[in-house]
2 protein chains.
Amino acid sequence: MEYQEAKDKFISTWGSLGTLWGINKAMAQIQALLFISTKALSMEDIMEELQISRGNTSMNLRQLMDWGIVTKELIPGERKEFFTTEKDVQELARIIAKERSRREIQPVVKVLKEVSSIKDDGTEKTKELIKQTKALHELTETADAMINKLVNQQQNWITKSLMKLIK
Amino acid sequence: MEYQEAKDKFISTWGSLGTLWGINKAMAQIQALLFISTKALSMEDIMEELQISRGNTSMNLRQLMDWGIVTKELIPGERKEFFTTEKDVQELARIIAKERSRREIQPVVKVLKEVSSIKDDGTEKTKELIKQTKALHELTETADAMINKLVNQQQNWITKSLMKLIK
DNA sequence: ATAAACTTTCAATAATTATTGAAAGTTTAA
DNA sequence: TTAAACTTTCAATAATTATTGAAAGTTTAT
């Protein structure tokens with residue numbers, strides 16, 4: 001497999017995986033492109049490479065910046081804006097886990113807590129609703145906490161290794 | 001909050017969370033409905049409760065059965081088929097994690113492995129592609145393995161507690 | 001074998017989501 | 001201040017995905 005084929009394959013695969021972390025195809029592809037690029041890219045570059053419109057590129061870059069995954073980079077002497085993505089996979093995982101938790105998991109946890117706290121009127125169906133949503137609430141909260149802890153621990157482990165290397 | 005309101009809230013919230021575990025709204029809502037139901041439900045019951053068509057109900061029930069989350073239950077003397085979902089949240093988590101891994105994560109891991117294994121032609125861009133996809137490959141594989149281990153460990157922990165309780 | 005009771009399938013349609021492109025907005029240089 | 005170079009916005013449109021409903025299929029009882 002040659003460079004170009006490998007590159008295209010990576011970008012399209014990563015793009016379709018976007019749903020897994022709750023973002024759309026174009027957004028994931030832009031991130032993928034930046035992730036394997038050796039230098040910061042302009043909007044023009046991205047449009048050209050991915051064959052998408054200016055508007056689409058602009059909106060998706062914005063979203064990636066909102067997530068904190070992509071940053072603008074100003075190149076001296078250049079009028080255009082250039083973009084780069086977080087290159088460290090551990091840090092990337094940390095950001096994604098945190099954002100997904102905040103955007104999607106926390107709101108659900110809140111509803112599960114509310115629903116599982118309704119007053120028990122003694123009927124079987126109410127008891128079942130409370131029991132099941134309570135179990136789901138606990139599981140969701142635990143799983144979310146664990147994942148966040150996990151990605152942060154990895155982070156710490158990496159940081160420690162780096163520290164050792166540096167000093 | 002009364003029973004009906006709590007129930008509706010749970011079903012619609014769980015439905016919209018469907019995307020998080022890679023299934024569509026109707027599928028998630030059917031599962032949610034069965035999850036808090038005190039008895040097995042017929043297709044008629046589900047259509048009525050969720051206000052969805054027969055075809056939609058049939059197709060989504062099938063998918064839920066493919067996932068291994070819902071099972072048919074034959075009630076003696078009844079011509080209709082009745083459906084129940086896995087009621088244990090831990091087991092549910094285990095099934096979902098396993099299926100998602102098989103359906104979505106493994107294919108991506110495979111591509112990442114392929115792409116990161118292309119021959120290094122010495123150019124900077126090829127080196128970067130190899131380096132970054134290799135890092136992503138390792139991370140994805142590790143994260144996937146960890147999550148599966150995690151849900152299985154929880155499972156074991158629960159199983160052990162139950163065993164103690166029983167004997 | 002027939003018909004009633006039920007489920008599945010799938011082409012048509014609806015709903016949702018993503019994308020475009022051009023006008024409006026912004027920044028910089030002269 | 002003007003104009004060129006660039007980015008953002010957003011209504012229109014395209015693409016994708018979900019849903020319907022009725023015909024075809026299946027199972028069971030007589």
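Chain letters run A, B, ... following the sequence lines, proteins first, then strands; residues in each count from 1. Just so we're clear, the structure is a prediction, and the values are computed from it rather than from any experiment.
Remark: A:Ser58 is not in phosphate contact with D:dT7, judged by side-chain N or O atoms under 4.0 Å from OP1 or OP2. Remark: B:Arg62 is not in phosphate contact with C:dT7, judged by side-chain N or O atoms under 4.0 Å from OP1 or OP2.
Comparing C:dT7, D:dT7, D:dT19 against the side chain of B:Ser53 picks out D:dT19 as the nearest. Candidate nucleotides C:dT20, D:dA5, C:dA5 were compared by shortest atom distance to the side chain of A:Arg79, and D:dA5 ranks first. Among the nucleotides D:dT7, D:dG21, C:dT19, the one closest to any side-chain atom of A:Asn24 is C:dT19. Taking every side-chain heavy atom of B:Lys72 into account, C:dT8 is the closest of D:dT8, C:dA29, C:dT8. Among the nucleotides D:dT7, C:dC6, C:dC10, the one closest to the side chain of A:Arg54 is D:dT7.
The distance between atom CG of B:Asn60 and atom C1' of D:dA18, rounded to the nearest whole Å, is 9 Å. A:Ile46 has its CD1 atom 14 Å from the P atom of C:dT19, to the nearest Å. Put simply, CD1 on B:Ile52 is 14 Å from P on C:dT7, counting in whole angstrom units. If you measure from atom CD of A:Gln51 to atom P of D:dA15, you get 15 Å, rounded to the nearest angstrom. Nucleotide D:dT8 holds its P atom 13 Å from the CE atom of A:Met47, rounded to whole Å. In this structure, A:Met59 places its CE atom 15 Å from P of D:dA12, rounding to the nearest Å. Counting to the nearest Å, the C1' atom of D:dT19 and the CE atom of B:Met43 are 14 Å from each other. The separation between B:Leu50 atom CG and D:dT19 atom C1' is 13 Å, rounded to whole Å.
Positionally, the nearest nucleotide of DNA chain D for A:Glu78 lies more toward the 5' end than for the other of A:Lys25 and A:Glu78. Nucleotides of DNA chain C nearest to B:Glu81 and A:Met27 differ in position, and the one nearer the 5' end is that of B:Glu81.
For the pair B:Ile36 and B:Lys87, the tightest heavy-atom approach, listed with the atom from each and the gap, is C-NZ, 4.1 Å.
Between B:Asn60 and B:Asn56, the side chains place a donor N or O and an acceptor N or O closer than 3.5 Å (distance only, hydrogens not considered). Using modelled atom types, one finds a donor on one side chain and an acceptor on the other under 3.5 Å when comparing B:Thr85 with B:Gln31.
Within the 4.5 Å cutoff, side-chain heavy atoms of A:Lys39 are placed close to those of A:Leu41.
Pairing for D:dA11 goes to C:dT20, judged as Watson-Crick or G-U wobble with the two contacts each under 3.5 Å.
By the neighbour-count criterion of 12 heavy atoms within 6.0 Å, atom CD of A:Glu48 is sparsely surrounded, having that number or fewer from other residues, nucleotides or ligands.
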